[in-house]
Amino acid sequence: MFQFDTVAELRAWVQGCRQRGERIALVPTMGNLHAGHIKLVTEARALGARVVVSIFVNPTQFGPNEDFERYPRTLDEDCRQLREAGADAVFTPSVAEVYPGGHQVVTRIEVPQVSEGMCGAARPGHFAGVATVVAKLFNMVQPNVALFGCKDYQQLQVIRRLVRDLCFPIEIIGVPTVRETDGLAMSSRNGYLTAEQRAQASMLYQILSETRAAIAGGSREYAALEQVAMARLAGAGFAPEYVCVRDAVLLAVPTAADDELVILAAARLGNTRLIDNLTVSLRHKG
Ligand code: PAF
């Protein structure tokens, strides 16, 4: 597996791949890799493309009081896992390489509508930071396809919209969430949980599953279902931030015509913020 720290080295390698007629798949990450990331790499390999994984903890998507400084950086272990998973190259740029003019004052990409509400409301500027760095990575790597986890559902919809609006010739693939055996969605932030919090954490998935079952069973009282789920989360020891039932593409409040929905939630256990979501299809269910 190659490791590149600079855009110039990476581009030279990508150019060689293209000359040989190879396709490039990009898996953007912030490192501290777990089975969810490795699934992205496995799916990318299955496409028959050369697989580039970027590892970059992006400062512009963290708020001033968030965990940028303490975000786990585990490069050696990440590279070991990537070699084992069969990645072709890892791109590990510095902040100065990604933001040559500094990251405080920078050209930014705002993706309207899908960025608003939920995590966009709780983390002002977060999705502009994500959209900006993802657009930069797309420019640097120029992949044919890029893979993202469905766990960050709002982020995935922001990126789909970004690609459409800016006419990037890149296919975006959302890869289903990988879960622990008790249902907890895999996340780099799970490592912050104490043993007691880890035991509580799977309730987020269980409560989302209950909400999904209620919708699949015919309930259309979405606001009431959201409130019930919020109360259930609080009862299970979380500080709930939101539970929202939305249409699965624009993430707007669903109308009677919407039949592809997503239930999204964010809740804190102590200082650790967990997010998760489940989709629900109402097609052919009346
Ligand atoms: O999901 C992530 O890990 C990050 O938000 C991403 C897409 C790599 C951008 O920094």
Side-chain angles (χ1 to χ4, degrees), residues 32-40 43 66-67 72 117-123 126 148-157 174-249 251-254 258-286:
N32 193 232
L33 304 182
H34 51 67
H37 296 112
I38 298 307
K39 176 108 165 74
L40 300 178
E43 296 282 321
E66 293 186 352
D67 55 347
M118 298 170 287
C119 287
R123 304 182 68 188
H126 169 67
F148 296 85
C150 290
K151 199 210 86 185
D152 297 293
Y153 193 91
Q154 191 175 7
Q155 166 174 286
L156 179 61
Q157 295 313 107
V175 176
T177 304
V178 178
R179 299 183 179 279
E180 304 283 357
T181 47
D182 64 357
L184 176 65
M186 290 207 180
S187 164
S188 299
R189 292 190 167 100
N190 292 352
Y192 296 151
L193 297 169
T194 63
E196 191 188 340
Q197 290 167 343
R198 174 63 192 82
Q200 290 169 279
S202 66
M203 281 306 288
L204 178 57
Y205 171 69
Q206 287 180 35
I207 291 165
L208 282 173
S209 301
E210 290 167 13
T211 309
R212 178 168 67 179
I215 296 171
S219 175
R220 300 291 176 266
E221 302 296 327
Y222 300 133
L225 290 174
E226 290 168 1
Q227 278 178 19
V228 169
M230 291 284 281
R232 291 271 291 124
L233 282 168
F238 288 82
E241 208 171 77
Y242 65 78
V243 177
C244 293
V245 181
R246 293 289 182 263
D247 87 83
V249 176
L251 305 185
V253 174
D258 288 313
D259 55 9
E260 295 295 337
L261 306 183
V262 57
I263 312 153
L264 307 106
R268 282 178 193 276
L269 276 175
N271 291 328
T272 304
R273 183 174 184 273
L274 300 176
I275 61 170
D276 201 352
N277 68 83
L278 289 176
T279 51
V280 48
S281 176
L282 306 180
R283 288 204 182 147
H284 312 301
K285 291 200 179 117

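Reckoned from all heavy atoms, side chains included, excluding hydrogens, waters and symmetry mates.
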More than 12 heavy atoms of other residues, nucleotides or ligands under 6.0 Å from CG of N271: yes or no?
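No, not enclosed.
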Around E196, counting heavy atoms of other residues, nucleotides and ligands shown, do more than 12 lie under 6.0 Å from its CD?
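No.
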Donor-acceptor under 3.5 Å (D258 side chain, A248 main chain)
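Not confirmed, D258 side chain does not pair with A248 backbone.
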Short side-chain to backbone donor-acceptor contact, D247 and A252, under 3.5 Å:
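Such a contact is found between D247 side chain and A252 backbone.
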N32: which residues meet the side chain to side chain donor-acceptor pair (under 3.5 Å) condition with it, sequence neighbours left out?
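N32 satisfies side chain to side chain donor-acceptor pair (under 3.5 Å) with T74 once adjacent residues are dropped.
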Applying side chain to side chain donor-acceptor pair (under 3.5 Å), can you list everything that pairs with R268, at least two apart in sequence or on another chain?
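By the side chain to side chain donor-acceptor pair (under 3.5 Å) rule, R268 matches no residue at all.
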Minimum heavy-atom distance [X]-[Y], with the two atoms named:
X	Y	answer
L225	S219	CD1-OG, 3.6 Å
R212	V280	CG-CB, 3.9 Å
A201	L274	CB-CD1, 4.0 Å
L261	P254	CD2-CB, 3.7 Å
C150	N277	O-ND2, 2.9 Å
S188	P72	O-CG, 4.4 Å

How about [X] and [Y]: do any of their side-chain heavy atoms sit closer than 4.5 Å?
X	Y	value
V228	E210	no
I275	Y153	no
R179	D276	yes
R198	D182	yes
V249	Q157	yes
L204	L184	no
I215	Y222	yes

Rounded distance (nearest 0.5 Å) linking atom [atom1] of [X] with atom [atom2] of [Y]:
X	Y	atom1	atom2	result
R232	Q206	CZ	CD	8.0 Å
R273	C119	CZ	SG	4.0 Å
E221	Q227	CD	CD	11.0 Å
T177	D152	OG1	CG	8.0 Å
Q197	F238	CD	CZ	9.5 Å
T272	L193	OG1	CG	5.0 Å

Would you please name every residue forming a side chain to side chain contact (heavy atoms under 4.5 Å, CB included) with C244, sequence neighbours left out?
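In terms of side chain to side chain contact (heavy atoms under 4.5 Å, CB included), with neighbours along the sequence ignored, C244 is linked to M118, E226, Y242, R246.
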